[in-house]
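Bear in mind the structure is a predicted one, so any value in this text is a computation, not a measurement.
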Amino acid sequence: MTREKERFVSRDPGRVAIYSCGVTPYDESHLGHARPAIFFDVVRRYLTRRGWQVRYVQNFTDVDDKIIARANQRGEPPLELAARYADDYLSVMDVLGVHRADAYPKVSEHIELIVQMVSRLVEKGHAYVASNGDVYFAVETFPQYGKLSHQRLEDVMAGARVEVGETKRNPADFAVWKAAKPGEPSWPSPWGPGRPGWHIECSAMSLHYLGNHFDIHGGGVDLVFPHHENEIAQSEAFTGEPPFARHWLHNGLITTRSEKMSKSLGNFTTIRALLGQYPAPFLRFFLLSVHYRTPLEFSPETIANAWRGWQRLLLAWQQVYAREQAVRSRVGAAGLGADAGRQPGGGSAGDEGRAGNDHPLSPLEQAVAASRTSFDEAMQDDFNTAVAISSLFELARQVNSQAAADPPVDDPGVARGWLAAATAFRDLGVDILGVLPDDPNRALQSASPAAAAAAGSGNETAPGGVTPANWSALVELILELRQRARARKDWTEADEIRRRLGEVGIVVEDTPQGSRWRWQPKGV
RNA sequence: GGCGGGAUAGCCAAGGGGCAAGGCAAGGCUCUGCAAAAGCCUUAUACGUGGGUUCGAGUCCCACUCCCGCCUCCA
């Protein structure tokens, strides 16, 4: 509201109520929809980790002009079409690792609630019934109109389009209830059969599920005006007790060729298509690699750039993961404190310079502490995921450095360092941001053509019975043959196999511990 | 036209009165059968332009240029 960062103070101690505008499900979800979903997912995960009790609600606007138009065009009942795409949305969000909201209210299931709200607005004189049966919100009855978008009513009026047959008193008035037209779904109301206008559903459902003055309201920056502005007007007129929401978080848009990605421009890439090419944690990494308010350009170049960075993080995680296992199996976690380095909330306050029992911190433990601190500071400063990720990169460098030096894991300090690093990667990268897979080895290999085909078809198994598992087995076999060639120093043969595998997107690296491989999508 | 947001090295991108994060790319070295990965080092006059405020401005103020978003459905 002030357009500045404010100190967050919740309505109820220890609890955070968040509402974010969901989608109008009339088509497949694209990358632009993933951004707020993943961002708020991280907000929830982080706040939860910090000990907040989070209640998160996201709506489906399943009664809408576009849905009706699309449904009529396809000869399918509008609500069925909407339900189908809503399910589709949820299923791709599942694959992206987005935790389910506490509620996904649909307009069609809350008509009563909306009718009551409209009635009340009419009673209070904030809304009026027009001659055509529509009910409009009278913006002039709400003097603060425009406070979110910083628009003055006169300017809005000047810019408002006046449609044919307009029955509004003021051009900026907006419909809270629309009289039914032939062929449209409708519900009974005191003003005759009709359906809710856009905006009203978010007011009705957010107030219903979260109560007045809830903490955070979110959505894309393209919703600031008129959607959120109108929500505020009708909600605060309705309750008579501002503020409707205490804080507003608006995410920036995804662009392609510097233009907004949107359904209407037709320049979108569906999430499902992307999941066929890239692992979900990578897509999260891509979306979280810039601050949520910054526009994010989607192009082959930006994806390729992000991919290389992500690989670096992932390979470091793989190093840590392997060392952690080594430590656990060789030394046993018991004597070390299995949770060395774990601190609730991802924070690091308190034990700098000490590791649990009085040991001086080993270098890696210090690096872990530093990363946790900067991660935490970043997240507490307007959820700066870009900086949070950079603290992961700093840790990755320390990890790689120590992995290269390879000090004996029998050394207690070294062992504690590996465990602390593993816990940090797991807490920050896997659990909070979700930009790393819980098993780094699987992610490097299962992001394969088989997995891609499976994701594209929505099945676990690609056509032909190919699964990530048997596909991996095939690659392992080829590498085994190559290893035989290497054993007899047939470098020509070994290099040829490596080159040919590279042509189909399999990167092979030879290490002192043997060869390893990973799948590399095209174009990165 | 109105209202917002933005312009930071070759590219992406944090920061937002006191030494300019991080990633990618580039060069050198180490390691390596080779390659890759990784490490170390290096590279940059990097804060759109012009004024102003200040001991000090990338950061605050004014003007300007260009880009984007919203004002019509949008995440």
Taking any heavy-atom pair under 4.0 Å as a contact, classify [X]: base, sugar-phosphate, or nothing.
X: A:Ile254; answer: base
X: A:Gly252; answer: base
X: A:Ser401; answer: sugar-phosphate
X: A:Ser262; answer: base
X: A:Arg498; answer: base
X: A:Gly32; answer: base
X: A:Glu394; answer: sugar-phosphate
X: A:Lys263; answer: sugar-phosphate
X: A:Asn305; answer: base
X: A:Arg488; answer: nothing
X: A:Leu253; answer: base

Interatomic distance, [X] [atom1] vs [N] [atom2] [rounded to whole Å]:
X: A:Leu395; N: B:G23; atom1: CG; atom2: P; answer: 12 Å
X: A:His150; N: B:G5; atom1: NE2; atom2: P; answer: 8 Å
X: A:Asp495; N: B:G33; atom1: CG; atom2: C1'; answer: 8 Å

Phosphate OP1/OP2 of [N] contacted by [X] side-chain N/O (<4.0 Å):
X: A:Thr294; N: B:A14; result: yes
X: A:Asn384; N: B:G15; result: yes
X: A:Arg312; N: B:G39; result: yes
X: A:Lys260; N: B:C70; result: yes

Among [options], the nucleotide that comes nearest once only the side chain of [X] is considered:
X: A:Phe393; options: B:G23, B:G33, B:A75; value: B:G23
X: A:Val387; options: B:A75, B:G69, B:A14; value: B:A14
X: A:Val290; options: B:G2, B:A35, B:A13; value: B:A13
X: A:Arg35; options: B:A75, B:G69, B:G39; value: B:A75
X: A:Arg518; options: B:A37, B:A75, B:G33; value: B:A37
X: A:Ala386; options: B:A75, B:A14, B:G33; value: B:A14
X: A:Cys21; options: B:A75, B:G4, B:G16; value: B:A75

- How are the rings of A:His199 and A:His227 set relative to one another: parallel (under 30°), tilted (30 to 60°) or perpendicular (over 60°)? tilted
How about [X] and [Y]: does a side-chain donor come under 3.5 Å of a side-chain acceptor?
X: A:Asp215; Y: A:Tyr19; answer: no
X: A:Gln319; Y: A:Asn400; answer: no
X: A:Thr302; Y: A:Glu297; answer: no
X: A:Thr61; Y: A:Glu201; answer: yes
X: A:Tyr136; Y: A:Asp134; answer: yes

- Item | Strand partner of B:G69, provided both Watson-Crick or wobble distances fall under 3.5 Å | B:C3
- Message: My understanding is that a pair needs two contacts under 3.5 Å, Watson-Crick or G-U wobble. By that rule, which nucleotide pairs with B:U30?
- Response: B:A38
- Item | P spacing across the pair B:U8 / B:G15, given as an integer number of angstrom | 14 Å
- Message: Could you tell me how far B:A20 sits from B:A9 if I compare only their P atoms? Round to whole Å.
- Response: 15 Å
- Tell me which of A:Phe225 and A:Asn251 sits closer to the 5' end of RNA chain B, going by the nucleotide each one is nearest to. A:Phe225
- Starting from the 5' end of RNA chain B, give me the residue, A:Phe285 or A:Arg486, whose nearest nucleotide shows up first. A:Phe285
- Is any side-chain N of the basic residue among A:Arg482 and A:Asp510 closer than 4.0 Å to the acidic one's carboxylate O? yes
- Is a donor-acceptor contact shorter than 3.5 angstrom present between the side chain of A:Asp510 and the base of B:C34? yes
